[in-house]
Undergrad: 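Just passing along the structure, written as structure tokens.
Computed over heavy atoms, backbone and side chain alike; hydrogens, waters and symmetry mates excluded. Note that ligands are numbered from 1 as they come in the structure, with each ligand's atoms numbered from 1 the same way. Numbering starts at 1 and runs along the sequence shown.
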Amino acid sequence: MVGVQVNAIGQGGRSVAILALMALGACALTLLGGMAASIVYTSWEPSLRSSGLTLQHLRPIHESFAFAWVFLGGVTVVHAWLISLGGPFCGAERMRFRAMIALWLTAGAGIIVSLLAGRFTGREYAGYHPAFGAMILTGWALFAWNFFARAGFSLRGKPVYVWMWTAAIPLFAITFLEANAYTLEWISRRPLRDIAIQWKANGVMVGSFNLLAYGSMMWIAGKMRGNDSYAHSTTGFLLFAVGIINTFTNYGHHTFHLPQTAWVHWVSFLVSMIEVILLAKVTIDLWNLRRKAPPAPDLAVPARFASSVTLWTCLMLASAIAMSVPPVNSLIHGTHIVTAHAMGTMIGIDSMILWCAMSWAARQLAGPAHAAVRDPWMRRAVTALDHLLIVFLTLFAIRGASAGLARQLGPSAPDLSRFVAAFPALMVAVGFTFASVALWMVARWMGAFVRALRTADAEAPPTASEGTPVPDSDRVAV
Ligand code: HEM
């Protein structure tokens, strides 16, 4: 199979490197935003406030860029696949790609400046001005255009990752429009409808980025093994089918406080459980397949991340089942256990998949000898991330449990006041260490992608394949 290498596909490698740099930039902003948000919990909060920053500023920055990171990471992998399919973008495709990048960069810069200036909407996951939402959506339409122009609309015989991406692209567009439906007065004036639509939209949005990430995992696992057969397996397609159903039902978790019938919540619960069980099975299957053929040294970092995905999917499955037991659910509702769960799934599953993708793409673009690919400290850093994340989330979970127990048992609740007092300092210490390790890795990959861009620029004259369609015989079979 053809790899995505700058030297092999010139301009195509540039497109992937540019997107990877944007995704990693969003990841770095998420980590920095999380670090700043965690200071709000400590006695340094007044100093932060005096510099004009509060949780109202920092939470939407942290969340908006967390979403941007996962979407951009997935879009990077989809572009790597598109380019391995048909060669570098040329003509109208290249124009659309450039316009998409310009729109997303403008939106990203606008979001950060406007949120720091205090222009927030107060909406969960859509805290920025809708004008930036319009730019994101227009960029997405251009991405969809390039995707369907190359991939086509027929799914017959295609591997499951193509099904996942084909579904994720329109899903995001529809749900993004729904998330912004509050700008219409006849919705914002009806609070119940507004909350129901908002959480239904957020649920589908998470579902659509999960599909992008699962598809990325499937494609990259096949590339690393040199065998795409698992992407045609029944388990893979079952995960896709349940993932799709879950995009439409998982909002039930967020609307327990609305007067809805109980079966909405039950359907939501059952479908989510089936999805996470299937995801655990897929990651364990892929892990077993990898054990049969250990990775080459230059693939050790992505392989290590893939093991982390397996570990975290199983841990999140266990915690999701525990959280869904009705008495436990009423205990944890509205506590930091929910924050731990939201961050745990987004870091442990989506981010681990995408860090795996980034380390794989860095190897493809900067070459297997690049320091960011071979350095044994990169592998050790993945182990450090796993351990730090377990401690970080456990701290949130114990803090949440203490609040839940105090609420339910009153004075007879166990006395955790010493832990509660120590929580901010512990959380900041562990969170900052976690973020520093992750930022160090992000910086190494960014260095690799910048080098790949320079190498592509130094390629002169352009290769014969640049700007011309790739003959069918040279295309990658997908
Ligand atoms: C890639 C890494 C990260 C991702 C994807 C991520 C994602 C998220 C998400 C989705 C939430 C909202 C959870 C909810 O619904 O309540 C959240 C909250 C939070 N995150 Fe992170 N996070 C990351 C890293 C970090 C780090 C490294 C720190 C600390 C150093 C941090 C600190 C926080 C805090 C303090 C909150 C709660 C804010 C509040 O009280 O409302 N995050 N994060």
Undergrad: Got more than 12 heavy atoms from elsewhere within 6.0 Å of CH2, Trp377?
TA: no
Undergrad: So is His62 polar-close to ligand 1, meaning N/O to N/O under 3.5 Å?
TA: yes
Undergrad: Name the closest protein heavy atom to atom 29 (C) of ligand 1, giving the residue it belongs to and the distance to 0.1 Å.
TA: Gly34 O, 3.4 Å
Undergrad: If the contact criterion is a heavy-atom separation under 4.0 Å, does Val338 count as touching ligand 1?
TA: no
Undergrad: Specify the protein heavy atom at minimum distance from atom 12 (C) of ligand 1: its residue, its atom name, and the distance to 0.1 Å.
TA: Glu63 OE2, 3.5 Å
Undergrad: Report yes if some heavy atom in the side chain of Asp350 is under 4.5 Å from a heavy atom in the side chain of Leu212; otherwise report no.
TA: no
Undergrad: Quick check on contacts: which atoms of ligand 1 are under 4.0 angstrom from a heavy atom of Gly431?
TA: 27 (C), 30 (C)
Undergrad: Any atoms of ligand 1 less than 4.0 Å from a non-hydrogen atom of Tyr125? List them with their elements.
TA: 15 (O)
Undergrad: Given the ring of Tyr182, does Arg123 sit roughly above its face, with NZ or CZ under 6.0 Å from the centre of the six-membered ring and within 45° of the axis?
TA: yes
Undergrad: Below a 4.0 angstrom heavy-atom separation, can you tell me which part of Phe65, side chain or backbone, both or neither, approaches ligand 1?
TA: neither
Undergrad: Could you tell me if any non-hydrogen atom of Phe392 lies under 4.0 Å from any atom of ligand 1?
TA: yes
Undergrad: If we count only N and O atoms by modelled type, under 3.5 Å, do the side chains of Arg304 and Ser308 hold a donor and an acceptor together?
TA: yes
Undergrad: Looking only at protein heavy atoms, identify the closest one to atom 4 (C) of ligand 1 and say how far it is in Å.
TA: Ile347 CG1, 3.6 Å
Undergrad: Closest non-hydrogen protein atom to atom 36 (C) of ligand 1, residue and atom name please, with distance?
TA: Met343 CE, 4.0 Å
Undergrad: Give the atom numbers and elements of ligand 1 that come within less than 4.0 Å of a heavy atom of Ala435.
TA: 27 (C)
Undergrad: Could you tell me the residue and atom name of the protein heavy atom closest to atom 10 (C) of ligand 1, and the distance to it rounded to 0.1 Å?
TA: Met346 SD, 3.6 Å
Undergrad: When the ring planes of His129 and Phe132 are compared, do they come out parallel, tilted or perpendicular, using 30° and 60° as the limits?
TA: perpendicular
Undergrad: Who's the nearest protein heavy-atom neighbour of atom 39 (C) of ligand 1, and how far?
TA: Arg59 NH1, 3.3 Å
Undergrad: Give the ring-plane orientation class for Phe396 versus Phe423, where under 30° counts as parallel, over 60° as perpendicular and anything between as tilted.
TA: perpendicular
Undergrad: Quick check: closest heavy atoms across Val373 and Gly367, and the distance to 0.1 Å?
TA: CG2-O, 3.7 Å
Undergrad: Would you call the rings of Trp81 and Tyr161 parallel, tilted or perpendicular, where under 30° means parallel and over 60° means perpendicular?
TA: perpendicular
Undergrad: Between Phe434 and Trp355, how do the two ring planes meet: parallel, tilted or perpendicular, split at 30° and 60°?
TA: tilted
Undergrad: Starting from atom 1 (C) of ligand 1, what is the nearest protein heavy atom, named by residue and atom, and what distance separates them?
TA: Ser351 OG, 3.9 Å
Undergrad: Going by the angle between their ring planes, with limits at 30° and 60°, are Phe143 and Trp140 parallel, tilted or perpendicular?
TA: perpendicular
Undergrad: Quick test: of every protein heavy atom, which one is nearest to atom 37 (C) of ligand 1, and how far off is it to 0.1 Å?
TA: Tyr41 OH, 3.6 Å
